[in-house]
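Residue numbering restarts at 1 for every chain, and letters A, B, ... go by the order of the sequence lines.
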Amino acid sequence: MLHDYRTATLSETQLSLAHTLDCGQCFRWIPSPDGTWEGVVRGSLYRLGQNALSDPSCRIYTDPVLRDYFDVDTDYLDIRNELSGLDGHLAEACRFAPGIRILRQEPWEALCSFIISQNNNIKRIRQIIERLSGRYGVPVAGTSRNAFPTADALAKASDDELRALGTGFRAPYLLDAANNIASGRIVLDELAALPVGQARARLMEIRGVGPKVADCALLYGLHRLEVFPIDVWMKRVMSRHYPDDDVSRFGRFAGIAQQYLFHLERTGVGISHDASVARAEDLEERHGHGRTS
DNA sequence: CACCAGGCAGTGC
DNA sequence: GCACTGCATGGT
């Protein structure tokens, strides 16, 4: 062990707030013009700035909730070294935004967030989650924001009420998830002890939870780092860089690999040579002869 | 006005 | 098993 992780601070390449909080794994952090981020974690409001992380007394290190949430005690340098050895494109993704971490979000919030995410865009996912919290969440004292609603609170909502907040066809999915959790038929914390395949199958008993949403709940909510959620962006990554479609190559940290690859694919245009070439090909295809296909 | 967005359920074969 | 379609809504 090279560091004492109980006292060491994290540099920006070990924890970048901007990359971690805006890479599509969480939806409740809001950037301010002064560069700080405001978010609600387990019922408390936090405002954090990158500069403060160089101080060992920063709450990220001293507050047990934040220390756990940001997974401070995991060494991402080791993980990136392991992933970077797998192939060149993954190494580039690790280099592109090394400060990304997989947060330890609340399982119920992660499950709901990714139910809402289906056939949706990240901006609108944020809006819907904020409206849900505003309507059904407990207010955070002294602030203008609310905690994410409990399953009990959501279970009491009606289909029409949820649709009025813009959830659309996902309203019955949220209700089925809320009923399963509120009734205790599914206990998310217990899924953490199951083999990943069994945990995944339990999650998929919920209406509106398929393989992708289940994997996101497992990765972001239950911190199962071996799962590899595949969405439309990752399908592009796979077809372009891993045409054999074999995800077992990514190993025990596949979920972290996925997050680096996802972020590079979504935001790396113009920086990554591969991505910009592929982007140009996409544009040519669309504007040229893509209308009929 | 089409098309897309961190998919899924239903249907048909 | 795989291919195809409808789905609510808001942004380009």
>> side chain to side chain donor-acceptor pair (under 3.5 Å), that's the test. Do A/Tyr69 and A/Glu106 meet it? Break it down for me.
In response: CA-CA 9 Å; A/Tyr69 183 76; A/Glu106 291 159 275; over 6 Å; no

>> Taking the C1' atom in each of B/dC4 and C/dC7, what is the distance between them to the nearest angstrom?
In response: 14 Å

> Is A/Arg170 touching bases, backbone alone, or none of the nucleic acid, heavy atoms closer than 4.0 Å?
Replying inline: base

> A/Pro229 near the nucleic acid: base, sugar-phosphate alone, or nothing, with a heavy-atom cut-off under 4.0 Å?
Replying inline: base

>> Nearest whole Å is fine: how far is B/dG7 C1' from A/Met204 CE?
In response: 11 Å

> Of the nucleotides C/dA8, B/dG6, B/dA9, which has the atom closest to the A/Tyr173 side chain?
Replying inline: B/dA9

> Separation of A/Gln118 atom CD from C/dG6 atom P, in whole Å?
Replying inline: 17 Å

> Donor-acceptor pair under 3.5 Å: do we get one between A/Gln258's side chain and the base of B/dG6?
Replying inline: yes

> How far, in whole Å, is B/dG6 from C/dA3 if one measures between their C1' atoms?
Replying inline: 22 Å

> Counting any heavy atom closer than 4.0 Å, what does A/Cys23 reach on the DNA or RNA strands: base, sugar-phosphate only, or nothing?
Replying inline: base

> At under 4.0 Å between heavy atoms, what does A/Gln127 touch on the DNA or RNA strands: base, sugar-phosphate, or nothing?
Replying inline: nothing

> Please give, in whole Å, the distance from C/dG10 C1' to A/Arg131 CZ?
Replying inline: 9 Å

>> Heavy atoms from C-beta onward define the side chain here; which of B/dG6, B/dG7, C/dT9 lies closest to that of A/Arg124?
In response: C/dT9

> Choosing from B/dG6, C/dA8, B/dA9, which nucleotide comes nearest the side chain of A/Asn119?
Replying inline: C/dA8

> Quick one: does A/Arg28's side chain have a donor or acceptor within less than 3.5 Å of a partner on A/Gly39's backbone?
Replying inline: no

> Within this structure, what is the CD-to-P distance between A/Glu205 and B/dC8, rounded to whole angstrom?
Replying inline: 15 Å

> Rounded to the nearest Å, what distance is computed from the CG atom of residue A/Leu103 to the P atom of nucleotide B/dG6?
Replying inline: 18 Å

> What nucleotide among B/dA5, B/dG7, B/dA9 has an atom nearest to a side-chain atom of A/Phe169?
Replying inline: B/dG7

>> Side chain of A/Arg163 only, heavy atoms from C-beta on: which candidate in C/dA8, B/dA9, B/dG6 is closest?
In response: C/dA8

>> In whole Å, measure the gap between the P atoms of C/dA8 and B/dG10 for me.
In response: 13 Å

>> Expressed as a whole number of angstroms, how long is the span from A/Asn121:CG to C/dC7:P?
In response: 20 Å

> Base, sugar-phosphate alone, or nothing: which one does A/Gly208 contact when heavy atoms must sit under 4.0 Å apart?
Replying inline: sugar-phosphate

> Any chance the side chains of A/Asp22 and A/His263 put a donor and an acceptor closer than 3.5 Å?
Replying inline: no

> Is the closest side-chain heavy-atom distance between A/Ile129 and A/Ile116 below 4.5 Å?
Replying inline: yes

> So, is A/Arg236 close to the B/dA5 phosphate, meaning a side-chain N or O under 4.0 Å from OP1 or OP2?
Replying inline: yes

>> So, under a plain 3.5 Å distance rule, would you say the side chain of A/Tyr220 forms a donor-acceptor pair with the base of B/dG6?
In response: yes

>> Between B/dG6 and A/Phe262, is there a base-stacking contact, meaning the centre of the base's six-membered ring lies under 5.5 Å from the residue's ring centre while the planes stay under 30° apart?
In response: yes

>> Heavy-atom nearest nucleotide on DNA chain B for A/Val209 versus A/Lys123: which residue maps closer to 5'?
In response: A/Lys123

> Does the ring centre of A/Phe250 sit less than 6.0 Å away from the ring centre of A/Tyr242?
Replying inline: yes

>> Rounded to whole Å, how long is the line connecting atom CD1 of A/Ile115 with atom C1' of B/dC8?
In response: 11 Å

> When the ring centroid of A/Phe27 is compared with that of A/Phe114, is the distance short of 6.0 Å?
Replying inline: yes

> Could you state the CZ-P distance from A/Arg207 to C/dC7, rounded to the nearest angstrom?
Replying inline: 14 Å

